Amino acid sequence: MSKKLSYEKVFAQSINEPDVFWGEAAEEIKWEKKWEKVLDDSRKPFYRWFTGGELNTCYNAVDYHVEEVRGDQVAIIYDSPVTNTIQKITYSEFLDEVSRFAGVLASLGVVKGDTVIIYMPMIPEALVAMLACARIGAVHSVVFGGFAPNELAIRIEDAKPKVMVSASCGIEAKKIIPYKPLLNEAINIATHKPEKCVIYQRPQVTAELQPGRDYDWAEVMKDAKPADCVTVSATDPLYILYTSGTTGKPKGVMRDNGGHAVALKWSMKYLYGINPGEVYWAASDVGWVVGHSYIVYAPLLTGCTTIVYEGKPVGTPDPGAFWRVISEHNVSVLFTAPTAFRAIKKEDPNGEYLKKYDLSSFRYLFLAGERLDPDTYHWASDMLKIPVIDHWWQTETGWGIAANCMGIEPFPVKAGSPTKAVPGYNVQIVDHDGKGLPSGQDGYVVVKLPLPPGCLPTLWNDDERYLDYVTEIPGYYLTGDGGYVDEDGYLFIMGRVDDVINVAGHRLSTGAMEEIVAKHQDVAECAVLGANDQLKGEVPIGFAVLKAGVDRDHDEISRELVQMVRSELGAVACFKECAIVKALPKTRSGKTLRATMRKIANSEEYTVPSTIEDESVLGIIEEAAKGIGYGK
Ligand code: COA
Ligand code: AMP
């Protein structure tokens, strides 16, 4: 085996000579026209990569492999324990599907630059729709199936899709969720109306189609004419992925074509240490960034086999589900969220199910999406006896910011740390004023600009809001996370410094939930915060103050508030508890003391803030937290 490159050398070059470093990485991609500039910093702080270059992402992810040697290799394994299905699709078959669906979209009037919303469960057709958009230069926006119609409507309003692609239903373990009523409701709510919808009818549910607007996927695919790849600029948008910010309005993270393809392909080799032809499995959902990058684009760009898994880590049918998939499909690398491993550990603490399977193909386990707690790290590495790698990233970056890179000389692991910055990311810890902090001291985790290729160049139609990331501390990208670097240079990410929480690896905004709770006719004001949860990492809990004169039953109001969040944001929010309280703790200037409330809910020691207006309110919160199962 060839000796791995030294991290220090690779990292230093990525920061000191980004043009050389990323220029070399870009040689792995097939370009229609070579770039003029690797890094274009002519419009700081808006940096662009590979300006002047032209390519097609779908060509690189599909056609190229068929033209070379991989036509008969399996591109996608659809493994669905919830429908008892295993389906294998070769690169040639995938190319046929994608180019015909691209033809369908074109026949419905979709042209380069148009947007298409994809609201689909974990079925191969979701990938077909995504790649078909990329093929004709359309910009897709995949919306996670667990979001309620209102959230979908917000995304329709912002992305203004010409066409929407959906399926008749999703299957959540044993629940069948008809999607079409949700889609119809979202379109009704939004003022922007898509011209056409294409619906994939699944055998479990037949959706009613609206004549003139809705088309049956199978019908339109029958006579579809394949469409060719449309060349786009490296800087043209490939997709928009909405993610939670601190308010009810999600942020439309934009991803370009060129930098994205270069960075993801580089990451497969050097971060994940995986080779073309191997089986790579990201157990996530296409609706999240992990799904976009590592179920769809990165494995396909690399010529790997990717797994589309429609199931859960437990209950479909048992906690051996992941081991079954790894062993049956010879998975080399698995990537999932720590919460999935906590779920398996809870049901099978001694790894009895693990013993039933041959996991000899399994080389590395990568975890991300939330902090990997040391207990889960130790359990996974003791059970599996392979490297367990915590890596840190976010929707905005689209790929790892910090990791123990398996394709570069790795470091010894420190539990609780995602190790060190990935080449390309100049990570620093700073205070409020952007002053660098010494090792061991907690601060804001920032990345010195420019961010490497693949990261967001801006937000969709919202340069102004993008600037919030890069102007608060000039010259740096604010990740929204807090943490520190220890004396050996290891990074520790300790949690968000804003109102974003991570529930079972799903990113949600407590601000968005507060906006929903505050709409209730009886609520005067409220606070929603993340409380620690053994399985899901964090769950949101609420505290609501009622308007004067409301004398309805508190439990009933509380149930209504829980239901409102479920139906407006979605079941995925896991908002199950909301206490009714007489008052919220505030500073004298009227700011709600959410951080103190969070400490109370998590039974952590806290000091009474000197700015508090009325200290006795903390007692009210302590009582209320206890009443809903939190605090001491
Ligand atoms: N469509 C509709 N509803 C969905 C959904 C989807 N795609 N995904 C989740 N939901 C619903 C669930 O059915 C559940 O509803 P309920 O309140 O009626 O039970 C609710 O949203 C919460 O879902 P979830 O947080 O996933 O909880 P769970 O109890 O169903 O499963 C885990 C818990 C840990 C097993 C699961 O979250 C998991 O596997 N997570 C790790 C992998 C992952 O997806 N990571 C994401 C980023 S890497
Ligand atoms: P998302 O955009 O959904 O990927 O969520 C990104 C956020 O998840 C980050 O800003 C972190 O707060 C958190 N996160 C992701 N990976 C890790 C990790 N390995 N360790 C700690 N936090 C993480």
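Ligands are counted one by one from 1 in listed order, and the atoms in each one are counted from 1 as well. What you see is a predicted model, and the numbers here were worked out from it, not measured in a lab.
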Point to revise | Any side-chain donor near an acceptor of the partner, Asp481 and Trp392, under 3.5 Å | key: yes
Exercise for review: Using distance alone, with no hydrogens and no angle criterion, decide if Tyr7 and Thr419 have a side-chain donor and acceptor under 3.5 Å apart.
Suggested key: no
Practice item. Closest by any non-hydrogen atom to atom 12 (C) of ligand 1: pick that one out of Glu172, Glu347, Lys174. Key: Glu172
Point to revise | Heavy-atom nearest neighbour of atom 44 (O) of ligand 1 within options Met122, Lys536, His506, Arg507 | key: His506
Show the atoms of ligand 1 that are less than 4.0 angstrom away from any heavy atom in [X].
| X | result |
| --- | --- |
| Lys312 | 26 (O), 28 (P), 30 (O), 31 (O) |
| Cys574 | 22 (C), 25 (O) |
| Ile177 | 2 (C), 3 (N) |
| Gly505 | 46 (C), 47 (C) |
| Pro313 | 35 (C), 39 (O) |
| Lys175 | 13 (O), 15 (O), 16 (P), 18 (O), 19 (O) |

Practice item. Step by step, work out the salt bridge (charged side-chain N to carboxylate O under 4.0 Å, His left out) result for Glu604 and Arg598. Key: CA-CA 8 Å; Glu604 288 166 16; Arg598 194 161 50 219; over 6 Å; no
Around [atom], find the nearest protein heavy atom and jot down its residue, atom name and distance.
| atom | result |
| --- | --- |
| atom 17 (O) of ligand 1 | Arg566 NH1, 3.1 Å |
| atom 37 (O) of ligand 1 | Ala504 CB, 3.5 Å |
| atom 20 (C) of ligand 1 | Ala571 O, 3.4 Å |
| atom 48 (S) of ligand 1 | Ser284 OG, 3.5 Å |

Check your understanding: Heavy-atom distance from atom 22 (C) of ligand 1 to the protein below 4.0 Å?
Key -> yes
Is the shortest distance from a heavy atom of [X] to ligand 1 less than 4.0 Å?
| X | answer |
| --- | --- |
| Gly170 | no |
| Gly369 | no |
| Phe144 | yes |

**Study point:** Pair Tyr272-Trp399, side-chain hydrogen bond (donor to acceptor under 3.5 Å, both in side chains): steps then yes or no
**Key:** CA-CA 11 Å; Tyr272 296 97; Trp399 64 291; over 6 Å; no
Fit a plane to each ring of [X] and [Y], take the angle between them on a 0 to 90° scale, and name the class: parallel (under 30°), tilted (30 to 60°) or perpendicular (over 60°).
| X | Y | result |
| --- | --- | --- |
| Phe366 | Tyr364 | perpendicular |
| Trp379 | Phe341 | perpendicular |
| Trp393 | His391 | tilted |
| Phe492 | Tyr484 | parallel |

Does a side-chain N-to-carboxylate-O contact under 4.0 Å join [X] and [Y]?
| X | Y | answer |
| --- | --- | --- |
| Glu396 | Arg507 | yes |
| Asp158 | Lys249 | yes |
| Asp499 | Arg594 | no |

Exercise for review: Would you please indicate yes or no on a ring centroid separation below 6.0 angstrom for Trp460 and Tyr242?
Suggested key: no
**Study point:** N or O contact, Thr339 vs ligand 1, cut-off under 3.5 Å
**Key:** no
**Study point:** Over-ring placement of Arg155 relative to Phe147, 6.0 Å and 45° cut-offs
**Key:** yes
**Study point:** Six-ring centre of Phe411, Lys420 cation under 6.0 angstrom, axis tolerance 45°
**Key:** yes
May I have every N or O pair linking ligand 2 to the protein at under 3.5 Å, one per line with atom names and distance?
from     : atom 1 : to     : atom 2 : distance (Å)
ligand 2 : 2 (O)  : Thr395 : N      : 2.8
ligand 2 : 2 (O)  : Thr395 : OG1    : 2.5
ligand 2 : 2 (O)  : Arg507 : NH1    : 2.7
ligand 2 : 8 (O)  : Gly369 : O      : 3.3
ligand 2 : 8 (O)  : Asn502 : ND2    : 3.1
ligand 2 : 10 (O) : Gln394 : NE2    : 2.9
ligand 2 : 10 (O) : Asp481 : OD1    : 3.4
ligand 2 : 10 (O) : Asp481 : OD2    : 2.6
ligand 2 : 10 (O) : Arg496 : NH1    : 2.8
ligand 2 : 12 (O) : Asp481 : OD1    : 2.5
ligand 2 : 12 (O) : Asp481 : OD2    : 3.4
ligand 2 : 16 (N) : Gly369 : N      : 3.0
ligand 2 : 19 (N) : Asp390 : OD1    : 2.8
ligand 2 : 19 (N) : His391 : O      : 2.7
ligand 2 : 20 (N) : Glu370 : O      : 3.4

